[in-house]
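Working notes, structure below.
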Amino acid sequence: MSREMMYGEAMAVSITEEMQRDANVIFYGQNMAMTERDPMLKMFGRNRVRIAPISETAEIGIAVGAAITGLRPIVELWMSEFMLVAMDQIINEAPRLRYMSGGQVKVPLVLKAGYGFAAGWAGQHSNCIYHTMMGIPGLKVALPSTPADAKGLMTAAIRDDNPVVYLHHYMLTLDTGDVPEGEYIVPFGVADIKRAGNDVTIVATGWMVKKSLAAAEQLTREGISAEVIDPRTLAPLDVETIVKSVKKTGRLVLVDQAPRQSSAAAVIAAEVAEKGFEHLSAPIVMVTALDASVPYSEPLESYLLPNEDKISDAVRSVVGEHARMRA
Amino acid sequence: MSREMMYGEAMAVSITEEMQRDANVIFYGQNMAMTERDPMLKMFGRNRVRIAPISETAEIGIAVGAAITGLRPIVELWMSEFMLVAMDQIINEAPRLRYMSGGQVKVPLVLKAGYGFAAGWAGQHSNCIYHTMMGIPGLKVALPSTPADAKGLMTAAIRDDNPVVYLHHYMLTLDTGDVPEGEYIVPFGVADIKRAGNDVTIVATGWMVKKSLAAAEQLTREGISAEVIDPRTLAPLDVETIVKSVKKTGRLVLVDQAPRQSSAAAVIAAEVAEKGFEHLSAPIVMVTALDASVPYSEPLESYLLPNEDKISDAVRSVVGEHARMRA
Amino acid sequence: MNDHKSLGKNLARNLGKDRLIWIYTQMIRIREFEEHVKRTFLEHPGAMRGHTHLADGAEASIVGTLATRNATDFVMPTYRCHAHPLVLGTSAKKMMAELYGRKDGLCKGFGGSMHLADPDRYFPGTSGIVGQSIAHAAGAALTAQVKNTGQIVYCFFGDGASKQGAFFETLNLAALWKLPVVFILENNEYQAYTHVALEDANAQAGDPLSQKAAAFSIPGVTVDGNDPLLVYDEVAKAAERARTGLGPSLIESKFYRLSAHGNAITIPPAPTQFPEHEAIGVYGNKAEYRAAKDRDPIPRFAAHLESEKILTQSERQALDDKARVEMDDAVAFALASPLPEPEEAIKYVYA
Amino acid sequence: MNDHKSLGKNLARNLGKDRLIWIYTQMIRIREFEEHVKRTFLEHPGAMRGHTHLADGAEASIVGTLATRNATDFVMPTYRCHAHPLVLGTSAKKMMAELYGRKDGLCKGFGGSMHLADPDRYFPGTSGIVGQSIAHAAGAALTAQVKNTGQIVYCFFGDGASKQGAFFETLNLAALWKLPVVFILENNEYQAYTHVALEDANAQAGDPLSQKAAAFSIPGVTVDGNDPLLVYDEVAKAAERARTGLGPSLIESKFYRLSAHGNAITIPPAPTQFPEHEAIGVYGNKAEYRAAKDRDPIPRFAAHLESEKILTQSERQALDDKARVEMDDAVAFALASPLPEPEEAIKYVYA
Ligand SMILES: Cc1ncc(C[n+]2csc(CCOP(=O)(O)OP(=O)(O)O)c2C)c(N)n1
Ligand SMILES: Cc1ncc(C[n+]2csc(CCOP(=O)(O)OP(=O)(O)O)c2C)c(N)n1
Ligand SMILES: [Mg+2]
Ligand SMILES: [Mg+2]
């Protein structure tokens with residue numbers, strides 16, 4: 001049983017369900033639940049649904065303190081770059097308090113933020129900064145690409161006893177898709193093969209999954225069969241599924257909305273260059289944003305970002321290479 | 001002509017010389033120049049040498065504002081992790097203001113901080129966070145490993161018209177080495193071959209260069225000739241020199257004090273897996289910190305961090321692999 | 001607190017007729033620019049992308065402040081930055097072209113509405129991240145102090161921004177270093193959709209936000225930001241203080257934002273538009289909005305100038321018309337300007 | 001301001017003899033612990049790594065504060081955190097073993113001096129990054145509020161920390177949400193090597209730091225932190241306020257750190273040691289340090305108890321001896337405890 005839902009809706013449904021399930025889950029952030037008409041507020045009251053000032057360090061730091069003393073806070077941050085003013089709490093407090101205490105405390109909290117605002121939001125609102133939070137021991141990072149994953153990863157995030165950064169892609173907010181009815185959990189660290197294929201493995205997250213699937217479709221017409229994998233969580237990262245796919249295809253293209261040297265793509269490439277090297281028959285190619293901040297004007301922004309054509313070109317280049325090597 | 005200097009001293013000498021050379025260079029930070037006896041203060045006065053409160057966001061933000069209006073500030077931050085409370089200024093302000101203005105302003109500033117405090121500083125002071133600042137378009141990152149580089153990169157950083165994060169390794173502070181007399185500049189984006197070799201390329205920065213050189217020395221006795229390359233700046237990153245070396249050696253070992261999925265090693269691995277793939281005859285291996293925060297107690301800390309033996313083992317594994325492939 | 005003083009007649013004598021008319025002229029130019037921007041969302045849907053914030057309602061506060069300015073003083077507003085460069089003499093055409101993402105834009109289409117910059121006019125740029133530009137402003141003041149140029153800095157930011165760590169850290173540092181900067185806390189009653197009383201402890205307690213100045217042992221004052229002359233008076237004192245090396249002051253200027261926080265945040269390709277003000281759209285409080293409209297600084301100041309015989313109705317009409325034509329031309333210029341070449345996107349990353 | 005009141009005799013009547021002796025006992029236990037830690041740098045060089053911060057001088061402030069505590073209230077200090085768990089009943093042996101990096105340490109050798117934690121005793125952990133734990137403390141208060149447990153939180157932080165954005169953001173939020181927390185600003189005159197007058201705008205102007213409370217419309221008071229009874233009095237009022245749902249208060253407790261900020265920062269393998277206090281080592285101001293020594297809260301409170309006939313000299317000696325023996329035993333325990341197994345290092349990363 002499943003029902004069609006929007007990506008944005010799916011997250012909200014998960015939060016509501018989890019708040020109904022567990023009285024320790026609380027939810028707050030800026031510019032939310034302003035009036036008594038707010039449905040969440042009506043359901044859960046001002047004690048559990050709160051408005052915060054523009055104070056990300058305090059908002060997140062308070063979540064950390066609440067988490068180590070028994071609550072499970074969800075903080076609505078709206079745009080991932082606003083987390084930059086509070087990065088110490090995210091990188092250096094939340095994921096380390098448990099470890100430093102020798103395992104005495106746990107820090108269950110969810111930091112929810114949109115990202116990838118490729119819609120003219122310009123230099124400070126449109127970048128992808130997940131690379132800063134990936135690979136931090138103790139911190140988990142989820143990036144759903146479908147409504148079902150949006151719901152299942154949110155539920156997993158809320159139930160996780162560790163700090164989780166949950167990043168949802170702005171451009172996917174209204175996308176619809178089937179979401180299983182009732183409790184639905186997408187476990188962390190399990191990549192999803194969004195499309196099976198034999199000639200090349202494409203790994204992508206968020207909006208880039210959609211673009212990669214479109215490119216894969218396009219490539220079918222050229223006789224190229226692409227497998228598209230979405231790791232769904234960048235931390236933990238399911239290297240195994242990716243390597244397994246590369247074992248089959250021999251080629252890897254990584255698609256990432258971030259600039260290449262600050263991308264998740266680079267980390268995945270490194271893992272495969274170590275653990276899947278023997279299966280590779282062509283260079284690992286990264287399709288990323290060009291090395292600039294995101295510009296305002298549409299033609300500039302489009303030029304900068306990865307798209308279907310760039311992905312297809314990259315795939316052709318490695319498939320060609322493969323062909324060349326076989327020849 | 002050169003003279004022996006300590007690593008820490010070399011940086012200080014560069015700052016003094018540049019402040020003598022250019023009245024627009026100013027220097028401030030916490031817990032510095034407290035009394036009138038301070039030599040920098042004596043030389044340059046309170047106008048150019050200042051004490052700041054524990055306010056990294058203001059300290060760095062003020063540097064940004066000063067830089068776009070005509071000064072060239074150097075901010076002393078002491079430990080790189082203190083930058084985390086001000087990450088927006090570093091990632092989202094300093095490197096983006098020029099771009100967003102369509103090239104109208106420039107942002108010449110240096111953020112100076114120690115890192116890699118592998119001496120029992122525990123979970124929040126000993127981590128390596130350069131991966132957060134690497135690959136950010138507009139931002140440069142320097143990590144000297146020798147006194148000469150410490151001086152030459154500092155001078156280059158101060159004269160650069162872009163924001164530079166200058167990270168010096170705590171454990172190298174007292175290391176001595178020859179530093180060329182007079183003006184000495186190490187250009188950004190030029191890797192240095194610290195030791196030539198033929199069988200394997202080892203890339204490392206900071207303290208890890210020293211450990212890699214020691215491992216290389218050890219390996220000589222086994223007939224393995226390792227080339228050790230220090231990129232010196234992570235941004236810009238000199239991929240060319242590394243690929244050229246891999247073309248010669250066919251094998252790449254990356255050594256990094258950070259955990260693997262938040263390392264510079266991963267980014268370098270990705271670049272080589274794309275641009276140097278055809279030269280590789282073995283997997284790219286990363287020798288990094290294990291996936292945990294840095295623990296306090298000595299045996300725990302040692303276990304976590306890369307060392308000579310781990311580097312040698314990694315080299316042996318790829319050289320073996322190579323041998324196997326050749327066989 | 002000067003909060004509820006009536007229109008500051010006593011100050012008019014300090015300012016000559018020309019200056020008073022200059023103030024009105026700048027106010028109406030700002031209003032016209034913003035009206036043209038707002039209309040763009042209807043008339044040229046999709047032409048403006050991302051997020052655009054307007055200054056209608058803030059005119060008296062901004063122009064009253066900048067009327068105290070010397071020619072080389074720095075001006076550092078937030079992402080809500082259309083008004084300030086207009087007053088500084090930046091071309092409305094280039095500004096509008098920037099908002100339209102065109103090649104002839106002030107920042108060549110790289111910045112957009114939130115990131116205007118005209119360093120030649122002492123307007124070195126803005127930040128879209130709340131509170132961060134407060135530190136940048138103090139940095140410009142540091143430049144002035146170190147180089148001993150005599151410049152001061154006008155630093156504008158919102159009521160909401162005064163809850164961001166950067167605000168507090170910067171004010172302490174500016175006070176400590178006696179930086180020549182005037183901090184203008186623009187209390188327009190809202191941080192985006194949230195009323196100030198819901199997010200500021202001073203406001204919740206019924207205290208003025210200027211009370212925050214006590215945390216830094218600097219002067220703090222609250223002024224009626226709907227009256228350019230009252231604003232002028234307070235800012236002039238703070239500017240004098242800054243110029244004479246005594247350091248910063250905090251001025252809470254109270255007025256009301258007359259449009260919504262910004263255009264609606266929609267998901268492409270859905271077009272965006274300008275929603276109703278939050279008082280109505282979110283809180284259903286039409287009375288609050290109507291009362292604010294009644295305090296609109298522009299008709300109020302015009303009436304003052306007319307009653308003081310500084311401006312006749314027809315002279316005023318001529319100024320209004322001129323502003324309208326200027327902004328019509330700006331829109332025409334923007335529409336005629338080509339989009340940037342895509343390949344430009346990787347320029348300007350490094351100096 | 002209660003700044004220079006003499007020893008608060010009038011308060012003694014609120015506290016029974018046992019409680020007064022308890023206060024002294026905790027003070028001397030803290031002092032002895034810290035003296036033992038300090039001696040370790042001479043007697044067992046290399047045994048303690050990283051950075052260690054001592055609480056000598058802070059005893060009256062800490063114990064006077066915690067004397068107002070109910071059994072389940074949270075205690076959230078900074079990296080300068082040896083004193084608080086001792087008062088809460090945490091084993092001195094386990095604490096010392098933690099500082100020695102041993103397997104039997106409170107945090108199994110993972111945390112060290114800066115990161116003690118004993119959640120079972122309502123001491124959930126600390127941060128080494130200045131100011132950040134202030135937000136954590138408010139978070140613990142949020143837990144108490146949401147769960148309606150009646151707990152309050154004692155949040156300790158330094159004069160230096162009150163310049164970090166986290167401080168301001170948190171106090172506004174705590175005031176707004178009326179969180180049950182008492183903020184104790186420990187003004188020990190120095191942030192590391194910098195005197196407070198060089199880094200705090202209030203201090204520079206000669207104003208008390210408690211004035212920062214005005215920025216949040218909460219009570220702010222300054223108290224002589226060398227007198228546990230004066231501290232008790234002010235904190236008790238603030239605690240009562242927190243318990244009754246009225247929200248946070250800011251208490252500036254003024255005392256003097258009697259040791260250097262921390263052990264010297266040396267580069268391994270060079271051993272580290274405890275330097276002289278900065279007043280002497282950095283500023284060459286022996287008089288300041290001597291005057292502070294004369295105000296040492298321990299002999300002062302002992303003298304008070306003796307003059308009030310609450311404690312005889314020999315009873316006092318017995319308490320002192322007991323504390324010394326307890327801490328001798330703690331050192332012996334630490335030295336006897338094995339180092340952790342290296343492979344443990346990858347444990348405890350995830351729950
Ligand atoms: C650090 C950060 N958090 C959140 C935001 C989102 N945001 C943009 S404008 C705004 C409201 C700011 O209100 P105020 O400071 O009162 O200025 P106004 O817009 O009213 O002029 C918010 C919350 C942001 N840009 N930066
Ligand atoms: C954000 C940050 N900046 C700088 C430091 C380095 N540091 C550690 S303790 C300290 C002094 C803190 O002084 P104060 O808050 O007065 O507390 P005290 O040590 O006197 O108890 C500094 C600057 C840090 N840990 N975190
Ligand atoms: Mg506002
Ligand atoms: Mg202090």
Side-chain angles (χ1 to χ4, degrees), chain A residues 57 81-93 95-97 99-100 122-124 127 129 131-138 234-235 237 252 254 258-263 265-278 280 282-286 290-293 295-296 321, chain B residues 57 81-93 95-97 99-100 122-124 127 129 131-138 234-235 237 252 254 258-263 265-278 280 282-286 290-293 295-296 321:
Chain A
T57 302
E81 278 146 318
F82 304 157
M83 298 165 92
L84 288 170
V85 298
M87 215 57 181
D88 180 75
Q89 290 289 349
I90 302 168
I91 288 189
N92 217 17
E93 308 292 332
R96 308 216 194 271
L97 285 179
Y99 186 79
M100 297 191 304
Q124 296 183 304
N127 301 286
I129 59 158
H131 82 285
T132 61
M133 296 173 277
M134 195 181 168
I136 305 295
L234 290 179
L237 182 67
L252 179 60
L254 297 154
R260 59 190 277 136
Q261 293 183 354
S262 55
S263 65
V267 176
I268 299 169
E271 289 290 359
V272 176
E274 181 174 311
K275 297 193 181 128
F277 180 75
E278 50 182 336
L280 285 168
I284 299 174
V285 174
M286 294 191 280
L290 302 181
D291 283 320
S293 299
Y296 169 65
E321 181 116 359
Chain B
T57 301
E81 278 146 317
F82 304 157
M83 299 165 91
L84 287 171
V85 298
M87 215 57 182
D88 180 75
Q89 291 289 350
I90 301 169
I91 287 189
N92 217 16
E93 309 292 332
R96 307 215 194 273
L97 286 178
Y99 186 79
M100 298 191 302
Q124 297 183 303
N127 302 285
I129 59 158
H131 82 286
T132 61
M133 297 174 276
M134 194 180 170
I136 305 295
L234 289 179
L237 181 66
L252 179 60
L254 298 155
R260 58 191 279 137
Q261 293 183 355
S262 55
S263 66
V267 176
I268 298 169
E271 289 290 359
V272 176
E274 181 175 311
K275 298 193 181 128
F277 180 76
E278 50 183 335
L280 284 168
I284 299 174
V285 173
M286 296 191 279
L290 302 182
D291 283 319
S293 300
Y296 169 66
E321 183 115 0

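All values below come from the heavy atoms of this structure, side chains included, with hydrogens, waters and symmetry mates left out. Every chain is numbered from 1, with letters handed out A, B, ... down the list of sequences.
The contact between A:Leu280 and chain B is made by backbone and side chain atoms together, counting heavy-atom distances below 4.5 Å. A:Met286 touches chain B through backbone and side chain together, each having a heavy atom under 4.5 Å away. A:Ala273 touches chain B through backbone and side chain together, each having a heavy atom under 4.5 Å away. Only the side chain of A:Ile91 comes within less than 4.5 Å of a heavy atom in chain B; its backbone stays farther off. The parts of A:Glu93 that come within reach of chain B are both its backbone and its side chain, each placing non-hydrogen atoms under 4.5 angstrom from that chain.
Contacts with chain A were tallied for B:Leu97, B:Leu237, B:Thr57; B:Leu237 has the most, counting heavy-atom pairs under 4.5 Å. Ranked by heavy-atom pairs under 4.5 Å with chain B, the first of A:Ala292, A:Ala235, A:Pro95 is A:Ala292. The residue among A:Asp291, A:Leu234, A:Leu252 with the most heavy atom pairs within less than 4.5 Å of chain B is A:Asp291. Among B:Met87, B:Gln89, B:Gln124, the residue with the largest count of heavy-atom pairs under 4.5 Å with chain A is B:Gln124.
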Would A:His131 and B:Ile136 count as a side chain to side chain contact (heavy atoms under 4.5 Å, CB included) here? Give the steps.
CA-CA 10 Å; A:His131 82 285; B:Ile136 305 295; 3.7 Å; yes

Set out, in order, the CA-CA distance, both residues' side-chain angles and the distance that settles side chain to side chain contact (heavy atoms under 4.5 Å, CB included) for B:Arg260 and A:Glu271, then state yes or no.
CA-CA 9 Å; B:Arg260 58 191 279 137; A:Glu271 289 290 359; 2.6 Å; yes

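Listed here is the closest heavy atom pair of B:Ile284 and A:Glu274: O-CB, 3.0 Å. Shortest non-hydrogen contact noted between A:Phe277 and B:Pro283 is CD2-N, 3.3 Å. Of all heavy-atom pairs spanning B:Pro137 and A:Ser293, the tightest one is CB-N, 3.8 Å.
A search for side chain to side chain contact (heavy atoms under 4.5 Å, CB included) contacts involving A:Glu81 returns A:Leu84, A:His125, A:Asn127, A:Ile129, B:Asn92, not counting sequence neighbours. The side chain to side chain contact (heavy atoms under 4.5 Å, CB included) test applied to B:Ala258 returns B:Cys128, B:Tyr130, B:Asp256, B:Ser263, not counting sequence neighbours.
For A:Ser262 (side chain) and B:Gly135 (main-chain N/O), a donor-acceptor pair under 3.5 Å exists by modelled atom type.
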